[in-house]
Participant: 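Input: one structure, supplied below.
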Amino acid sequence: MFEKLQPAPPDKILALMAQYREDERADKVDLGVGVYKDQDGNTAVMRAIRAAAKRLHDEQTTKTYVGLQGDKDFCAAMGDIVLGGVIPDDRLRVCQAPGGSGALSIIAMMLNRAHPGATIWISDPSWPNHIPLLGGAGLTPKSYPYYDAGTGSVRFDEMMATLSGAEAHDIVMLHGCCHNPTGADLTVEQWEAVADLCREKGLFPFVDFAYLGFGDGLEEDSAGLRALAQRVPEFAVAASCSKNFAVYRERVGAAMLVGENASAVDTAFSQLLSVTRSVYSMPPDHGAATVRIVLEDPELRADWMDELEGMRSRMVTLRRDFADALRRASNSGRYDFIAEQKGMFSRLGLTPEQIDTLRNEHGIYIVGDSRINIAGLHHDKLDDLARAIVSVAG
């Protein structure tokens, strides 16, 4: 059975993580792995999540299946926190999913049932797993211009020009906020323009919302998506709780469908649940139930929001201070864009050879496209890091 198989190419980020673990240098720096880290380099369990998990342990009386949709109260809470009530309840359906990746997968497979092999437009660049994940669901990936490496900003006119050539029933993948890997986001006005184009051309927006609360705040980060929601008749959202609730290994996500009316979205949702039945049947419960407890309890929710805001503001400060350190080291403003971008990631614009030099000579680990994890920075090492980067960048 296996004799004709060839080894799958290694995942570059996972391979980099393995290299970092094997590196014995005490001063090594990990800016590759995409998880939030505190000032001590730890990815801690959030206070509200720890309290909610204890309550769940004490109060839960069964481990039987939760059903294809998952925890319905969790689904309702996620719909509210992402869309804020801008969509009437009869047009919205939410399904619990195993992480944001699971939500992306089941939505993509459902969309492929609606329009087999449909074109899905993905930003250039994007999260590396978007193309294999969405293409693996049967969709046909194409790219639209997005990031200007010279200015650290969005190539919006070129993006819109390319999408203007898309055809009805094409799908447009958008990052809800904190674009991965660039940190360059659309403005609300640009979201509105994209929404108007989608409505005019009959395009289907599909939003990957992995970093809600990591940019400008919970409400602010949702503003673009909510503007889109008020302008298009139908769209989908894949939401993740991995980052903003720090429940990475629990695999907590939500797949959201919005239809033009209740009948249309009910039909689509039935197909979405059919996909889940064919892939993994029932979703995992523990992480979603824990998140649901946090969102339903006023005190826990307030504590979660306070801790999340602390994580967000720390990254904002790190961005500003790192940009300042790079300005001192380079005697130029070539890296000032880092302070203006949002979320966990930015790109430094280094070549693969320069990245290899940083790793081999300085113990600084960065993925091959020069994406860095802002949360992996240490305040007391910013100047040393900046000098090393400038020394290899020239």
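Everything quoted here is computed from the prediction, not taken from an experiment.
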Participant: Quick one: closest heavy-atom pair of G213 and L218, and the distance?
Facilitator: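 Scanning both residues completely, I find the closest heavy atoms to be CA-CD2, 4.0 Å.
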Participant: Of all residues at least two apart in sequence or in a different chain, which pass the side-chain hydrogen bond (donor to acceptor under 3.5 Å, both in side chains) check with T119?
Facilitator: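 Not a single residue meets the side-chain hydrogen bond (donor to acceptor under 3.5 Å, both in side chains) criterion with T119.
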Participant: Charged N to carboxylate O below 4.0 Å: is that the case for K37 and D30?
Facilitator: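 D30 and K37: salt-bridged.
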Participant: Do the charged groups of E219 and R226 touch, with an N to O distance under 4.0 Å?
Facilitator: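 Here E219 pairs with R226 in a salt bridge, since their nearest N and O are under 4.0 Å apart.
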Participant: Taking NZ, NE, NH1 and NH2 as the nitrogens, is one of them in R199 or D196 under 4.0 Å from a carboxylate oxygen of the other?
Facilitator: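 D196 and R199: salt-bridged.
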Participant: Start with the C-alpha gap between W127 and S101, add the side-chain angles, then the distance that decides, and say whether side chain to side chain contact (heavy atoms under 4.5 Å, CB included) holds.
Facilitator: CA-CA 11 Å; W127 179 48; S101 296; 3.4 Å; yes
Participant: Among side-chain atoms of S281 and R277, is any donor-acceptor pair under 3.5 angstrom?
Facilitator: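 Side chains of S281 and R277: pair found under 3.5 Å.
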Participant: With heavy-atom distances below 4.5 Å as the criterion, would you say the side chains of I372 and F322 are in contact?
Facilitator: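 Yes, close enough: below the 4.5 Å cut-off.
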Participant: In Å, rounded to the nearest 0.5 Å, how long is the span from SG of C75 to CZ of R93?
Facilitator: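 Answer for the SG-CZ pair, C75 versus R93, is 12.0 Å.
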Participant: Within a radius of less than 6.0 Å around CG of D89, do more than 12 heavy atoms belonging to other residues, nucleotides or ligands occur?
Facilitator: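 Open.
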Participant: Would the number of heavy atoms belonging to other residues, nucleotides or ligands and lying under 6.0 Å from CG of N331 be above 12?
Facilitator: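 It does not: N331 CG has 12 such atoms or fewer within range.
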Participant: Kindly say whether G253 contributes a backbone atom to a donor-acceptor pair with the side chain of S240 at under 3.5 angstrom?
Facilitator: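 Not at all, since once roles are kept as given, no pair shorter than 3.5 Å links the two residues.
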Participant: Write down the atom of W304, the atom of L295, and the distance for their closest heavy-atom approach.
Facilitator: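 Between these two residues, the closest heavy atoms are CZ3-CD2, 3.9 Å.
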Participant: Between N244 and Y211, does any side-chain donor sit less than 3.5 Å from a side-chain acceptor?
Facilitator: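 Distance-only check fails for N244 and Y211.
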Participant: Answer yes or no: is there an ion pair linking D384 with R387, defined by an N-O contact shorter than 4.0 Å?
Facilitator: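 Yes.
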Participant: Is there side-chain contact between V207 and W191, with heavy atoms separated by less than 4.5 Å?
Facilitator: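 Side chain of V207 against side chain of W191, heavy atoms only: contact under 4.5 Å found.
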Participant: Please examine the side chains of H379 and T317, heavy atoms only from C-beta on, and report whether any two atoms are closer than 4.5 Å.
Facilitator: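 The answer is yes; the side chains approach within 4.5 Å.
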Participant: In terms of heavy-atom contacts, does CE of M305 have more than 12 from other residues, nucleotides or ligands at under 6.0 Å?
Facilitator: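 Counting neighbours around CE of M305, 12 or fewer heavy atoms of other residues, nucleotides or ligands fall under 6.0 Å, so no.
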Participant: Check for me whether the distance between the ring centres of H179 and Y146 falls short of 6.0 Å.
Facilitator: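 Between H179 and Y146, the centre distance is under 6.0 Å.
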Participant: For R231, is there an ion pair with E192 - N to carboxylate O distance below 4.0 angstrom?
Facilitator: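 Counted as a salt bridge, because a side-chain N and a carboxylate O are separated by less than 4.0 Å.
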Participant: Give, for atom CE of M78 and atom CZ of R292, the distance between the pair rounded to the nearest 0.5 Å.
Facilitator: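 Output value for this atom pair is 13.5 Å.
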Participant: So does G215 get a backbone contact from the side chain of R312, meaning a donor-acceptor N/O pair under 3.5 Å?
Facilitator: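 Yes; at least one donor-acceptor contact below 3.5 Å.
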Participant: Are the side chains of Y248 and Y36 in touch, meaning some heavy atoms are under 4.5 Å apart?
Facilitator: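 Side-chain contact under 4.5 Å: yes.
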Participant: Report yes if some heavy atom in the side chain of L31 is under 4.5 Å from a heavy atom in the side chain of Y365; otherwise report no.
Facilitator: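 Side chain of L31 against side chain of Y365, heavy atoms only: no contact under 4.5 Å found.
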Participant: Start with the C-alpha distance between F206 and I107, add both sets of side-chain angles, then the distance that settles side chain to side chain contact (heavy atoms under 4.5 Å, CB included), and finish with yes or no.
Facilitator: CA-CA 9 Å; F206 184 3; I107 293 172; 3.4 Å; yes
Participant: So, R55 and T290: side-chain donor and acceptor under 3.5 Å apart, yes or no?
Facilitator: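 Checked: R55/T290 side chains show no N/O donor-acceptor pair below 3.5 Å.
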Participant: Checking side-chain hydrogen bond (donor to acceptor under 3.5 Å, both in side chains) for the pair Q341/D185: CA distance, chi angles, key distance, verdict?
Facilitator: CA-CA 7 Å; Q341 294 172 345; D185 283 357; over 6 Å; no
Participant: Check whether any side-chain heavy atom of D148 sits under 4.5 Å from a side-chain heavy atom of V154, and report yes or no.
Facilitator: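 Side chain of D148 against side chain of V154, heavy atoms only: no contact under 4.5 Å found.
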Participant: Minimum heavy-atom separation for D40 and H378, please, with both atom names.
Facilitator: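 It is C-CE1, 4.5 Å.
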Participant: Under 6.0 Å from the NZ atom of K54, do we count more than 12 heavy atoms belonging to anything else shown?
Facilitator: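 No.
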Participant: Between D170 and W121, is any side-chain donor less than 3.5 angstrom from a side-chain acceptor?
Facilitator: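 There is such a pair (donor and acceptor under 3.5 Å, judged by atom type) between the side chains of D170 and W121.
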Participant: Side chain to side chain contact (heavy atoms under 4.5 Å, CB included), that's the test. Do Y335 and S330 meet it? Break it down for me.
Facilitator: CA-CA 9 Å; Y335 298 102; S330 65; 4.3 Å; yes
Participant: Test your reading of the model: is there a side-chain donor-acceptor pair from E296 to the backbone of I293, 3.5 Å cut-off?
Facilitator: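 A pair under 3.5 Å: no.
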Participant: Please report the interatomic distance CD1(I87) to CD(E234), rounded to the nearest 0.5 Å.
Facilitator: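 Spacing of CD1 (I87) from CD (E234) equals 11.5 Å.
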Participant: Taking atom CZ as the centre, does R113 end up with more than 12 heavy-atom neighbours from other residues, nucleotides or ligands that are less than 6.0 angstrom away?
Facilitator: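 Yes.
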Participant: Atom CZ of residue position R249 - does it have more than 12 heavy atoms of other residues, nucleotides or ligands inside 6.0 Å?
Facilitator: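 No, because the 6.0 Å sphere around CZ of R249 holds 12 heavy atoms or fewer from other groups.
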Participant: Any ion pair linking D23 and K28 (charged N to carboxylate O, less than 4.0 Å)?
Facilitator: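 Here K28 does not pair with D23 in a salt bridge, since their nearest N and O are not under 4.0 Å apart.
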Participant: Should the heavy atoms of other residues, nucleotides or ligands under 6.0 Å from CD of Q230 be counted, would the total exceed 12?
Facilitator: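 It does: Q230 CD has more than 12 such atoms within range.
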Participant: Salt-bridge test for R359 and D356: reply yes if a basic N is under 4.0 Å from a carboxylate O, no otherwise.
Facilitator: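 A salt bridge is present here (some side-chain N lies under 4.0 Å from a carboxylate O).
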Participant: Looking only at heavy atoms, which two atoms of V94 and G79 are closest? And how far apart?
Facilitator: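 Residues V94 and G79, closest heavy atoms: CG2-CA, 4.3 Å.
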Participant: With a 4.0 Å cut-off on N to O distance, would you call D306 and R47 a salt bridge?
Facilitator: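 Between R47 and D306 there is a salt bridge, with a charged N closer than 4.0 Å to a carboxylate O.
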Participant: Does H130 have its ring centroid less than 6.0 Å away from the ring centroid of H175?
Facilitator: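 So the answer is yes for these two rings.
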Participant: Considering non-hydrogen atoms only, spot the tightest contact between N112 and G138 and give its length.
Facilitator: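 Closest pair (atom of N112, atom of G138, distance): OD1-O, 3.2 Å.
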Participant: I'd like to check the side-chain contact (heavy atoms from CB on, under 4.5 Å) partners of E340; sequence neighbours left out, ordered by chain and number.
Facilitator: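 Here no residue qualifies.
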Participant: Looking only at heavy atoms, which two atoms of M256 and V82 are closest? And how far apart?
Facilitator: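 The pair with the smallest heavy-atom distance is CE-CG2, 3.6 Å.
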Participant: Taking atom CE of M109 and atom OG1 of T276, what is their separation to the nearest 0.5 Å?
Facilitator: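 Result: 9.5 Å between the selected atoms.
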Participant: Within this structure, what is the CZ-CD1 distance for the pair R347 and I366, rounded to the nearest 0.5 Å?
Facilitator: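 Here the interatomic distance stands at 12.5 Å.
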Participant: Closer than 4.0 angstrom, basic N to acidic O: yes or no for D297 and R301?
Facilitator: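 Judged by the 4.0 Å cut-off on N to carboxylate O distance, D297 and R301 do not form a salt bridge.
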Participant: Could you walk me through whether L92 and L257 satisfy the side chain to side chain contact (heavy atoms under 4.5 Å, CB included) test, starting with their C-alpha distance in whole Å, then the side-chain angles of each, then the deciding distance to 0.1 Å, before giving a yes or no?
Facilitator: CA-CA 6 Å; L92 171 65; L257 302 181; over 6 Å; no
Participant: Side chains of V66 and P283, heavy atoms from C-beta outward: is any pair under 4.5 Å?
Facilitator: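 They are in contact (side-chain heavy atoms under 4.5 Å apart), so the answer is yes.
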Participant: So, taking the atom named CG in L133 and the one named CG in L139, what distance separates them when rounded to the nearest 0.5 Å?
Facilitator: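 Nearest 0.5 Å value for the CG-CG distance: 9.5 Å.
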Participant: The criterion is side-chain contact (heavy atoms from CB on, under 4.5 Å); which residues satisfy it with A288, sequence neighbours excluded?
Facilitator: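 With neighbours one apart ignored, the set is F74, Q96, V252.
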Participant: Under a 3.5 Å threshold, yes or no: a donor from one side chain and an acceptor from the other, between T64 and T62?
Facilitator: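 T62 and T64 do not have a side-chain donor-acceptor pair below 3.5 Å.
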Participant: Give me the one residue out of I106, L134, I171 that meets side chain to side chain contact (heavy atoms under 4.5 Å, CB included) with L111.
Facilitator: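 Looking at I106, L134, I171, the match for L111 under the side chain to side chain contact (heavy atoms under 4.5 Å, CB included) is I171.
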Participant: Would you check if the side chain of R91 reaches a backbone N or O of P233 as a donor-acceptor pair within less than 3.5 Å?
Facilitator: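 Yes, because the side chain of R91 sits within donor-acceptor range (under 3.5 Å) of the backbone of P233.
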Participant: Look only at the side chain of D216 and the backbone of E220, and say whether a donor-acceptor pair between them is shorter than 3.5 Å.
Facilitator: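 Checked: no pair found.
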Participant: Are any of the side-chain nitrogens in R371 or D369 under 4.0 Å away from the carboxylate oxygens of its partner?
Facilitator: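 Looking at R371 and D369, the cut-off is not met.
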Participant: Side chains of S222 and L212: does their closest heavy-atom pair fall under 4.5 Å?
Facilitator: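 When only atoms from C-beta onward are counted, L212 and S222 do touch, with a gap below 4.5 Å.
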